[in-house]
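So the structure is just underneath, and the comments pick up after that.
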Amino acid sequence: MALSTRANGVLRANSNSIIWEVLSDMYDPETNPDGYYSVGVAENVLMHEYLLDHLHQHVSLDSKSLTYNDGPSGSKRLKAAMARFLNRRLHPATPLEPHHLILTNGVSAAVEHLSWAFADKGEGILLGRPYYGTFIPDLSVRFGTEVVTVPFGGADPLGADCVDAYRRALTSFEQRTGKKCRALLLCHPHNPLGRCYSRDVLVALMRLCQEHGMHFISDEIYALSVWGGGEFVSALSIDTQGIIDADRVHVLWGMSKDFGANGLRLGALISQGNKDVRAAVDSVALYSYVSGPADHLAANILEDDAYTDEYLRLNCEKLKEAYEYTVGFLAQNQIPYMAGANAGFFLWVDLGTPYLKRHPEAIHADLTEAVMQQLLKNKVFLASGASFGSETPGWFRIIFAHRREYLDEALRRIVAAIQ
């Protein structure tokens with residue numbers, strides 16, 4: 001059957017994607033003992049039992065949860081609960097109000113909405129390398145937005161020098177294509193590097209956006225998973241006066257990461273100063289409708305201050321323990337990794353260097369792919385740096401937010417794969 005040009009393009013782009021095959025063949029000690037160990041998908045399972053206990057105790061759905069509720073952009077109850085929760089946690093310069101939020105079935109949908117709202121086909125959105133791999137299809141697949149990836153050439157992607165790199169990339173794109181860059185997208189805290197942008201860098205990037213008439217988008221889906229000290233500064237907490245027009249600043253958050261609930265499918269687009277963006281996205285929010293039961297369950301959690309405070313405290317404690325265990329294992333096995341992580345649940349690791357020591361012939365091969373094939377042979381899955389825009393071959397992202405015995409076996413298999 002003939003497909004559209006865009007559908008055929010997606011089929012070709014996804015022809016080498018392994019992730020869905022892995023997820024359909026996951027290890028289970030009883031039902032699938034020969035399945036994959038996955039430490040490649042950004043899921044935090046450390047607090048699942050704690051979260052499920054609360055969910056089970058407070059499930060009391062009414063008939064409204066089986067209707068269209070208050071409309072496609074989320075219920076009044078959940079918007080109020082989330083605005084109050086984020087006011088407590090992110091300390092916005094201007095307090096959030098419920099109407100500042102558009103709720104979506106996951107943050108990917110919110111990213112896609114902003115790509116649709118800001119950029120016409122062929123126009124650009126800036127994205128620094130390495131990046132969260134799924135940002136590329138989120139931004140580009142359905143609307144033809146050009147993702148302008150930004151190399152840093154060995155400089156710190158989150159450091160003060162990054163601003164000049166963004167400026168060079170947007171200037172090059174605009175001169176080469178005659179098209180405009182419409183926005184700059186950050187993942188803050190950063191995935192896969194596990195670090196936070198400083199206030200000074202956020203302000204400098206906001207000034208760059210103001211200078212070039214771009215929108216500033218801060219995806220803060222890991223904002224409350226900062227476990228290693230240091231300050232997390234939300235873009236919402238910055239008084240934009242004299243820095244950037246308030247209607248150019250947009251923040252994303254959701255339940256998937258900080259509350260270990262990817263499957264709940266609940267995100268939020270926060271655009272305090274731009275009612276036109278909210279109205280435009282609201283007009284197409286039918287395509288990212290939050291389910292009534294998910295809306296109800298999320299509101300139950302976010303309205304319970306004592307529970308959320310203790311949940312987040314315990315979660316950060318467990319993440320720190322898992323991180324320290326994982327870097328200890330890597331050091332013991334002489335596997336290099338990017339030091340300095342203090343947020344999220346991932347490590348950026350160099351498997352290429354130790355692999356080349358044992359397989360020098362691979363210097364002429366696609367190093368990342370060679371390592372990936374060995375990992376898959378050992379039935380362990382990591383996210384490939386090639387899919388994350390890594391500027392150096394052989395880098396991968398390891399997720400450490402797993403139960404100890406599962407993590408142990410996955411790490412053992414990684415070592416076996418590169419030896």
Side-chain angles (χ1 to χ4, degrees), residues 23 26 28-31 38 41-90 96 98 101-110 220-227 252-270 288-319 321-322 344-345 399-404 406-407:
L23 289 180
M26 292 278 281
D28 182 276
E30 295 179 359
T31 62
S38 172
V41 179
E43 292 185 317
N44 176 5
V45 307
L46 295 174
M47 294 288 288
H48 274 185
E49 295 306 317
Y50 194 83
L51 184 67
L52 287 168
D53 184 58
H54 188 278
L55 293 175
H56 292 156
Q57 288 184 41
H58 296 85
V59 174
S60 181
L61 297 174
D62 58 24
S63 64
K64 193 172 184 180
S65 296
L66 304 180
T67 72
Y68 288 125
N69 214 317
D70 296 324
S73 63
S75 72
K76 295 174 184 175
R77 178 193 174 202
L78 180 54
K79 286 181 180 180
M82 190 176 291
R84 192 180 70 87
F85 172 79
L86 294 176
N87 281 332
R88 292 180 65 232
R89 285 286 169 176
L90 300 185
L96 287 174
L101 282 68
I102 299 287
L103 304 185
T104 57
N105 56 6
V107 171
S108 276
E220 301 185 1
I221 195 168
Y222 296 98
L224 307 179
S225 298
V226 179
W227 42 261
L252 309 176
W253 185 76
M255 301 290 288
S256 296
K257 311 304 182 182
D258 289 333
F259 282 95
N262 289 20
L264 202 58
R265 308 310 307 138
L266 206 149
L269 188 170
I270 303 164
S288 59
Y289 219 122
V290 177
S291 81
D295 188 297
H296 173 85
L297 291 171
N300 283 347
I301 294 167
L302 297 180
E303 288 170 347
D304 190 337
D305 292 352
Y307 174 81
T308 57
D309 288 351
E310 183 64 4
Y311 178 98
L312 294 170
R313 185 192 69 78
L314 283 171
N315 185 48
C316 288
E317 185 179 284
K318 288 177 178 287
L319 287 172
E321 289 174 0
F345 25 94
I399 303 299
F400 54 77
H402 289 281
R403 294 178 181 87
R404 179 63 55 83
Y406 186 95
L407 180 62

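Hydrogens, waters and symmetry mates play no part in the numbers below; they use all other heavy atoms, side chains included.
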Q | Asn44 side chain near His402 side chain, heavy-atom distance below 4.5 Å | A | no
Q: Ignoring hydrogens and angles, state whether a donor on the side chain of Asn300 or His54 is under 3.5 Å from an acceptor on the partner side chain.
A: no
**Q.** Contact check, side chains of Leu269 and Leu101, non-hydrogen atoms, under 4.5 Å
**A.** no
Q) Hey, mind stepping through Lys79 and Ser73 against side chain to side chain donor-acceptor pair (under 3.5 Å) and telling me if it holds? A) CA-CA 9 Å; Lys79 286 181 180 180; Ser73 63; 3.0 Å; yes
Q) Testing Met47, His48, Glu49 for side chain to side chain contact (heavy atoms under 4.5 Å, CB included) with Val45, which one passes? A) His48
Q. Excluding sequence neighbours, so at least two apart, what forms salt bridge (Lys or Arg N to Asp or Glu O under 4.0 Å) with Asp305?
A. Arg84, Arg88
Q. With a 4.5 Å limit on heavy-atom distance, are the side chains of Thr308 and Ile301 in contact?
A. yes
Q) Between Asn69 and Ser75, does a side chain to side chain donor-acceptor pair (under 3.5 Å) hold up when you go through it step by step? A) CA-CA 6 Å; Asn69 214 317; Ser75 72; 4.7 Å; no
**Q.** Phe400 side chain reached by Leu319 side chain, heavy atoms, under 4.5 Å
**A.** yes
Q. Have Ser288 and Asn105 got a donor and an acceptor in their side chains that come within less than 3.5 Å?
A. no
Q. So among Tyr311, Trp253, Tyr307, which one has a ring-ring contact (aromatic ring centres under 6.0 Å, His included) with Phe85?
A. Trp253
**Q.** Stepwise side chain to side chain contact (heavy atoms under 4.5 Å, CB included) test for Met82 and Leu103
**A.** CA-CA 10 Å; Met82 190 176 291; Leu103 304 185; 3.9 Å; yes
Q.
Testing the 3.5 Å rule here: is there a donor-acceptor pair between the side chains of Asn315 and Trp227?
A. no
Q) Which pair of non-hydrogen atoms, one from Leu266 and one from Ala298, has the smallest distance, and what is that distance? A) CD1-CB, 3.6 Å
Q) Would Glu310 and Arg313 pass as an ion pair if we require N to O under 4.0 Å? A) yes
(Q) Using a strict threshold of under 4.0 Å (side-chain N to carboxylate O), is an ion pair present between Asp70 and Arg77? (A) no
